[in-house]
Amino acid sequence: MDIKVPRGTQDILPSESGKWQAIEALIREQCRMYQYKEIRTPVFEHTELFTRSVGDTTDIVQKEMYTFQDRGNRSLTLRPEGTASAVRAFVEHKMFGYANQPVKLYYMGPMFRYERQQAGRYRQFVQFGIEAIGSADPAIDAEVISLAMSVYQNAGLKKLKLVINSLGDTESRVSHKTALVNHFEPHIEEFCSDCQNRLQKNPLRILDCKVDHNHPLMETAPSLADFLNEESAAYFEKVKEYLTILNIPFEIDPNLVRGLDYYNHTAFEIMSAAEGFGAITTLAGGGRYNGLVEELGGPDAPGIGFAMSIERLLLAIEAENNEWTEKSTLDVYVIGLGEAAKKKAVELTYQLRQQKITADMDYLDRKMKTQMKSADRLQAKYVLVIGDDELEQDSAMVKDLATGAQSLVPFSSLVDHIKTSSTQLGAEE
RNA sequence: GCGGUUGUGGCGAAGUGGUUAACGCACCGGAUUGUGAUUCCGGCAUUCGGGGGUUCAAUUCCCCUCAGUCGCCCCA
């Protein structure tokens, strides 16, 4: 078999899936505390959804999307991020009419971006994200950020860095854009063709161009911070104030610009400061997107959200050396010796499971010693041994693997015996 | 898109231009024909990612290719 997983994808094996489930449970619990409700949207959408929301001059849309034609000649795209779908659903199902506003949503699932893989970056990766749509209160910006922080803290992470910035409102951005165009236009022929295209459509993207990043005009480009109008600056101040009330430390990075076009006002990233972490330190990113709902055909509802990568969260946990010790969940391993005893073993294993006692047995007809070894490796609490002698007495030999003690117990009282001894065990701990 | 690095059994990992490719783990069998640690004995790669070339001879040298991995950029 020489077929392998496609590039940039991975199998999460049984030895790892326990961690995933633990993280997922932690996340769902946090969302419950904050009263965000899960929304599940398709993994593919009409391509236009992303070109219109994420922005058709962004890297994501221009070179990272998995876009294909279906048999009906529709252009579809595997979702590269979650906000577009959530907002699309918000509009499609008229959630702006819901009694409870803002509408608070969360999602968790695979996203797809065609990129070269490296540590913490995959072509299929899992994002957890939330969206609060319908409120322009800076307090909810702080709530959104605090939920992200609280997931990380509950996962045991300590080395975190929150970076925030304000991208300003439409007016601020328009004046900044004009300044950028004026700045670059006289020398635009010195830039790459991509940048020349970006000049009128989205000059901000010129600033993170890969080709021309050494051009002297990059250094002297007008900064967004200088173009924030009064309302935008006041809004940003309020967000900072609320973060301070919540005791969440932050840094301001005036150069923080998110890679998606729909953001305005608050933008933030949470990074890992753990040493030994890969080159990619961003754990989560998000921001406000007033205007996006309208862009997708809804009313003028403001929104804010973030997305985080589960893969990177797990990497960060590892980098901070927080071990997840997985406890064995096997109560009983049943060993049947000989044909008649095996039949009994099959029956008993089934009965134990029905009584909510986890049980397993050998299906390879291995010898006693090897089965004991299996039981040991599986960290079973008890082993039941059934042979001809036990059958004659309608009993099983019950061995406590921790102490090594064993006793003959009648089949009829096996379940009670195991239940009472395990609760005693549990009480001693 | 660009660059570094790696590719030997289920896993980890040595190694050499030349008849049998170390070792460790795991696994299987036995010592112990009904009991898990340890120990001892035995078994477990006609083959060194794939293709081509150099050579009397290549897993070892050269070229190409594929794949993993890491980094740049950007992002989650």
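In what follows, chains carry the letters A, B, and so on, assigned in the order in which the sequence lines appear, proteins first and then strands, with residues in each chain numbered from 1.
Annotation: cation-pi pair A/Arg123/A/Tyr114 present, NZ/CZ under 6.0 Å from the ring centroid and within 45° of its normal.
Distance check on atom P: B/rU5 versus B/rG51 gives 25 Å, rounded to whole Å. For the P atoms, the distance from B/rC23 to B/rC66 is 37 Å, rounded to whole Å. Between B/rG49 and B/rA58, the distance separating the two P atoms is 15 Å to the nearest Å. Across the C1' atoms, B/rC62 and B/rA13 are found 27 Å apart, a figure rounded to whole Å. Comparing the same atom, P, in B/rU59 and in B/rG18 gives a spacing of 11 Å after rounding to whole Å. As rounded to the nearest Å, B/rG50 and B/rU8 have P atoms that lie 10 Å from one another. Rounded to whole Å, the separation between the P atoms of B/rC44 and B/rC63 comes to 38 Å. Across B/rA45 and B/rC41, the matching C1' atoms stand 22 Å from one another, rounded to whole Å.
When each of B/rG36, B/rG34, B/rA76 is scored by its nearest atom to the side-chain atoms of A/Met372, the top-ranked nucleotide is B/rG36. Side-chain proximity of A/Glu390 to B/rG71, B/rA76, B/rG34: nearest is B/rG34. Among the nucleotides B/rG34, B/rC75, B/rU35, the one closest to the side chain of A/Gln406 is B/rU35. Comparing B/rA76, B/rC70, B/rU35 by their closest approach to the side chain of A/Ala119 singles out B/rC70. Comparing B/rG68, B/rA76, B/rU35 by their closest approach to the side chain of A/Met397 singles out B/rU35.
Here the two rings, on A/Phe128 and A/Phe306, have centers that are under 6.0 Å apart.
Within the 4.0 angstrom heavy-atom criterion, no nucleotide atom of any strand lies near A/Met308. Heavy atoms of A/Gly404 sit under 4.0 angstrom from at least one base atom. Within 4.0 Å (heavy atoms only), A/Gln371 reaches no atom of the nucleic acid at all. In this structure, A/Tyr122 reaches the bases: a heavy-atom distance under 4.0 Å links it to at least one base atom across the strands shown. Note on A/Ile60: nothing from the nucleic acid sits closer than 4.0 angstrom, heavy atoms only.
In A/Tyr350, the OH atom is not crowded: 12 or fewer heavy atoms of neighbouring residues, nucleotides or ligands sit closer than 6.0 Å. Around atom CD of A/Glu339, no more than 12 heavy atoms belonging to other residues, nucleotides or ligands sit under 6.0 Å away. Counting heavy atoms of neighbouring residues, nucleotides and ligands inside a 6.0 Å radius, atom NZ of A/Lys240 exceeds 12 of them. Heavy atoms of other residues, nucleotides or ligands lying less than 6.0 angstrom from NE2 of A/His93 number more than 12.
Remark: B/rU55 base-pairs with no nucleotide; criterion is Watson-Crick or G-U wobble with both hydrogen-bond distances under 3.5 Å. Applying the Watson-Crick and G-U wobble criteria (two distances, each under 3.5 Å), B/rA14 pairs with nothing in any strand. In this entry B/rA67 has B/rU6 as its Watson-Crick or G-U wobble partner, both defining distances falling under 3.5 Å.
For the residue pair A/Thr83 and A/Glu131, a side-chain donor N or O sits within less than 3.5 Å of a side-chain acceptor on the partner.
A side-chain donor-acceptor contact under 3.5 Å links A/Arg353 to the backbone of A/Ala359. Checking side-chain atoms of A/Lys159 against main-chain N and O of A/Ala319 turns up no donor-acceptor pair under 3.5 Å.
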Would you tabulate the nitrogen or oxygen pairs shorter than 3.5 Å linking the protein to nucleotides 3-10 of chain B?
residue	atom	partner	partner atom	Å
B/rG3	O6	A/Arg116	NH2	3.0

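Place A/Gly387 and A/Val126 on RNA chain B by their nearest nucleotides, and A/Gly387 ends up nearer the 5' end. Map A/Phe125 and A/Val385 each onto its nearest nucleotide of RNA chain B; the residue landing nearer the 5' end is A/Val385.
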Checklist entry - Where along nucleotides 27-32 of chain B does protein come under 4.0 Å, by heavy atom, of base (B) or sugar-phosphate alone (S), with - for untouched nucleotides? => result SS-S--

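Between the base of B/rC75 and the side chain of A/Arg312 there is a donor-acceptor pair shorter than 3.5 Å.
Under 4.0 angstrom from either OP1 or OP2 of B/rG71 there lies at least one side-chain N or O belonging to A/Gln118. For A/Gln117, a side-chain nitrogen or oxygen approaches OP1 or OP2 of B/rU69 to under 4.0 Å.
Partner of A/Tyr235 under the side-chain hydrogen bond (donor to acceptor under 3.5 Å, both in side chains) criterion, chosen from A/Thr266, A/Asp169, A/Asp141: A/Asp141.
The aromatic rings of A/Phe112 and A/Tyr66 sit perpendicular, their planes meeting at an angle over 60°, well past the 30° parallel limit.
Atoms CD (A/Glu115) and C1' (B/rC73) sit 10 Å apart, rounded to a whole Å.
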